[in-house]
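Along the sequence shown, residues are numbered consecutively beginning with 1.
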Amino acid sequence: MRRAIIPALVCALLFVRSAVPPIGGAVLAAEPGVRPSSDVYKDWGIICDNGLTCTTRTVAEDKESQITLVREAGAAGRLSLQLDGLPNSRSRTLRIDGAAVALAGRAWTFAAGDVGATARSSDPATVRGLLIALGQGHRLSLGRGKPLSLNGLSAALLRMDERQGRIGTVTALARPGDRPAAAVPPPPPLPVVRAVVTRERLTAAERGALLARYRDRITAARESTDCDPQVSDLDSAVHALGPDRAVIITMCLAAAYNPSYIVLVIGRRSDMLEQFTAPDTLAGPGPHELRTSFEMAEFDPASASLSSYGKGSPMAYTGFGSTWVWDGRRFVLTEANESLIEAMTPGDWVTTYRTR
């Protein structure tokens, strides 16, 4: 089953005009570039980020083991395979449908981990050889816990070939051909983002004055965002963005492990107020739904960065996160990640968007 593209916040900041008159701002165009994708094929998920580095993974039902394959874009893109959950760092044997497969040679490195041991290889021939064997099987046992399902691996590898332009070339994993490696497109350029950090810090009196001046408009923004009226905005955070701008972060909804906040960019010496919003999905053409509140939102003055992350479960086996930086005019997305499928380790999410 293919899944629609992730709600992974994969564009630069947009300021949009609110239905509430005091809150406004012109729409800013999204940054150009390759659109990330996220797909699930039976028991395997695959994410390709905006640089077309692709990660595919499956996790055992008991979360005791997982397989992760990562391939970078381009003819010479690095290919690496990681097996997590081996009984110990001396384990050298896997079982595919009961048949023993040895992890032999210097192409593999082994290390102890918090949950079992890990085996890694970045040797193309070694990784390809094991992928061929896995593609012919149904179940893989690492020697502990429940076996890993191999159903969907071939489809995930084909999707990886498709996204990176490898189909029909000698570099393809699922559908190789005679075309040379040089036929594979180069990796797309990553956006360049530079933060503008101010040394200014607001005093308690300045923060209080700004909150008092914008109180009615903060209330209007909360109402237009359908915030819980029972949630107080008395503990709103206010930070300087520069001599003329500041940011207010105020709670919108209280939740057990995902409280959400609205983010407002305000004038320090003017009455401008713009609510920060970001695309919630890039699934196909047409207008994109915008996120107007952000889980666990925080601003770091030292890096001029705004971060948000949400957990899909209390232990964060699933979830997503994003980071934006202030570039002097707006917040611009610099990084995003989300869970491919339920991860073996809480917070072990996959990059969906990156910059340089």
Side-chain angles (χ1 to χ4, degrees), residues 43-48 52-60 63-161 164 166-167 169-182 184 187 340 343-345 348 350-351:
D43 297 315
W44 284 73
I46 176 170
I47 282 177
C48 296
L52 288 183
T53 288
C54 296
T55 301
T56 184
R57 173 182 290 168
T58 191
V59 180
K63 297 185 181 67
E64 290 292 316
S65 56
Q66 70 180 21
I67 317 172
T68 306
L69 177 73
V70 181
R71 192 172 203 183
E72 298 173 353
R78 179 184 172 90
L79 176 67
S80 61
L81 182 66
Q82 179 167 316
L83 307 170
D84 294 300
L86 294 164
N88 55 66
S89 59
R90 298 180 300 279
S91 303
R92 299 291 187 274
T93 303
L94 314 175
R95 292 193 176 274
I96 301 176
D97 296 340
V101 176
L103 301 179
R106 297 181 178 179
W108 291 97
T109 60
F110 299 85
D114 294 334
V115 182
T118 294
R120 299 183 184 89
S121 179
S122 297
D123 177 68
T126 298
V127 174
R128 283 175 173 272
L130 183 56
L131 288 176
I132 291 173
L134 294 175
Q136 297 171 348
H138 298 283
R139 296 286 176 186
L140 169 68
S141 174
L142 300 188
R144 60 189 295 273
K146 293 189 176 182
L148 291 148
S149 171
L150 300 175
N151 296 326
L153 171 60
S154 296
L157 295 180
L158 181 59
R159 176 62 167 161
M160 186 179 292
D161 286 345
Q164 296 182 338
R166 298 182 185 278
I167 292 177
T169 73
V170 295
T171 71
L173 297 174
R175 193 174 293 174
D178 297 330
R179 291 195 297 146
V184 177
L340 188 59
M344 174 181 168
T345 305
D348 182 14
V350 178
T351 297

Item checked: Interatomic distance, Cys54 atom SG to Leu79 atom CG [nearest 0.5 angstrom] -> 11.5 Å
Notebook entry, point to check: Who pairs with Asp123 by side chain to side chain donor-acceptor pair (under 3.5 Å), at least two apart in sequence or on another chain?
Noted result: Thr126
Margin query: Donor-acceptor pair, distance only, cut-off 3.5 Å: does the side chain of Arg144 make one with the backbone of Glu64?
Written below: yes
Notebook entry, point to check: Is there a donor-acceptor pair under 3.5 Å between the side chain of Gln164 and the backbone N or O of Gly77?
Noted result: no
Check: Of the non-hydrogen atoms in Pro187 and Gly74, which two are nearest, and what is the gap between them?
Finding: CD-CA, 3.9 Å
Checklist line | Closest non-hydrogen atom pair, Ala119 against Leu86 | finding: CB-CD1, 3.5 Å
Next item on the list: Determine, stepwise, if the pair Leu148 / Ile67 fulfils side chain to side chain contact (heavy atoms under 4.5 Å, CB included).
Entry: CA-CA 8 Å; Leu148 291 148; Ile67 317 172; 3.6 Å; yes
Check: Any idea which heavy atoms bring Arg71 and Arg128 closest together, and the distance?
Finding: NH2-NH2, 3.8 Å
Notebook entry, point to check: Which side chain to side chain donor-acceptor pair (under 3.5 Å) pairs, counting each pair once, include a residue from residues 75-85, with sequence neighbours left out?
Noted result: Gln66-Asp84, Arg78-Ser122, Gln82-Asp84, Gln82-Arg120, Asp84-Thr118
Next item on the list: Please name the pair of heavy atoms, one in Ala75 and one in Ala181, separated by the smallest distance, quoted to 0.1 Å.
Entry: CB-O, 3.2 Å
Check: Taking C-beta and beyond as the side chain, do Phe110 and Arg92 meet within less than 4.5 Å on heavy atoms?
Finding: yes
Next item on the list: Just jot down the side-chain contact (heavy atoms from CB on, under 4.5 Å) partners of Arg179, sequence neighbours excluded, or say none.
Entry: Thr169, Ala183
Next item on the list: Could I get the full list of side-chain contact (heavy atoms from CB on, under 4.5 Å) partners for Ala100, not counting sequence neighbours?
Entry: Thr93, Arg95
Notebook entry, point to check: What's the shortest heavy-atom distance between Ala117 and Ser89, and which atoms?
Noted result: CB-N, 3.4 Å
Next item on the list: Answer yes or no: is there a donor N or O on one side and an acceptor on the other, between the side chain of Thr58 and the main chain of Asp43, under 3.5 Å?
Entry: yes
Margin query: Using the side-chain contact (heavy atoms from CB on, under 4.5 Å) criterion, which residues pair with Leu134? Sequence neighbours excluded.
Written below: Ile96, Leu130, Leu131, Leu140, Leu150, Leu153
Next item on the list: With the side chain counted from C-beta on, respond yes when Met160 and Ile46 share a heavy-atom pair under 4.5 Å apart, and no when they do not.
Entry: yes
Margin query: I'd like to check Leu81 versus Trp108 (side-chain heavy atoms, cut-off strictly below 4.5 Å). Are they in contact?
Written below: yes
Check: Of all residues at least two apart in sequence or in a different chain, which pass the side chain to side chain donor-acceptor pair (under 3.5 Å) check with Arg57?
Finding: Thr68, Asp348
Item checked: side chain to side chain donor-acceptor pair (under 3.5 Å) against Ser121, all qualifying residues, sequence neighbours excluded -> none
Checklist line | Qualifying side chain to side chain donor-acceptor pair (under 3.5 Å) pairs, either residue in residues 134-143, two or more places apart | finding: none
Check: Can you name the nearest heavy-atom pair linking Ser65 to Leu142, along with the distance?
Finding: CB-CD1, 3.6 Å
Checklist line | All side-chain contact (heavy atoms from CB on, under 4.5 Å) counterparts of Ala174, not counting sequence neighbours | finding: Leu157, Leu158, Asp161
